Every structure is written in C-alpha cells, then in structure tokens.
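Worksheet for the structure shown next.
Computation of the quantities below employed the complete heavy-atom set of this structure, encompassing side-chain atoms and omitting hydrogens, waters and symmetry-equivalent molecules. Predicted model only: the values in this text are computed from it and were never measured.
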Amino acid sequence: MNASPAPLTCPKCAAEMRPYERNGVIIDQCTGCRGIFLDRGELESLMDAEASFYAARNLSLIHI
C-alpha cells in the first residue's frame, strides 16, 4: 500500500508546512508563520541558480 507521507510540522509554530518548487528545488514553507525551511544543500542550489541567472543577464547586457 502506498500511503502519502504525513505533512511536515513547522518547528516554530507547529502549523502544517507545504512544499513548493522554486528553480528546481523543493522548499518547505509554513502555512502559519510563513517561515521557509531548507534541507541540506538547497540553499546552495538556490544560490547557484541565482548566480546563473545574473551571469546570463549580465552577458546579455554586454551585447547590447
């Protein structure tokens, strides 16, 4: 039987957390306090995605 995993609980306010995808990274956000919680390596992945975005943006500005 495939039971869906139990929703995560916010460590700050004990409200339910909801996962959402941002730049290919699954982020958990609290529905109560709106806190964002990242698993190991997710912050680095988001920083890499941001750096790639700005690098591409800067290259396109150079070619104007």
Interatomic distance, L46 atom CG to L38 atom CG [nearest 0.5 angstrom]: 6.0 Å
State yes or no: do Y20 and M17 share one hydrophobic cluster built from I, L, V, M, F, W and Y residues joined by side-chain heavy-atom distances below 4.5 Å, directly or via other members? no
Would you say S45's side chain and V25's backbone share a donor-acceptor pair under 3.5 angstrom? no
Looking at every heavy atom in both T9 and A14, which two are closest together, and how far apart are they? CG2-O, 3.4 Å
Atom pair CZ (F37) and CD1 (I27), whose distance is rounded to the nearest 0.5 Å: 12.5 Å
Smallest heavy-atom separation, Q29 atom then R34 atom, equals NE2-O, 3.2 Å
Is L43 reachable from I36 through a run of hydrophobic residues whose side-chain heavy atoms are each under 4.5 Å from the next? yes
What do you reckon, is CZ of R18 surrounded by more than 12 foreign heavy atoms closer than 6.0 Å? yes
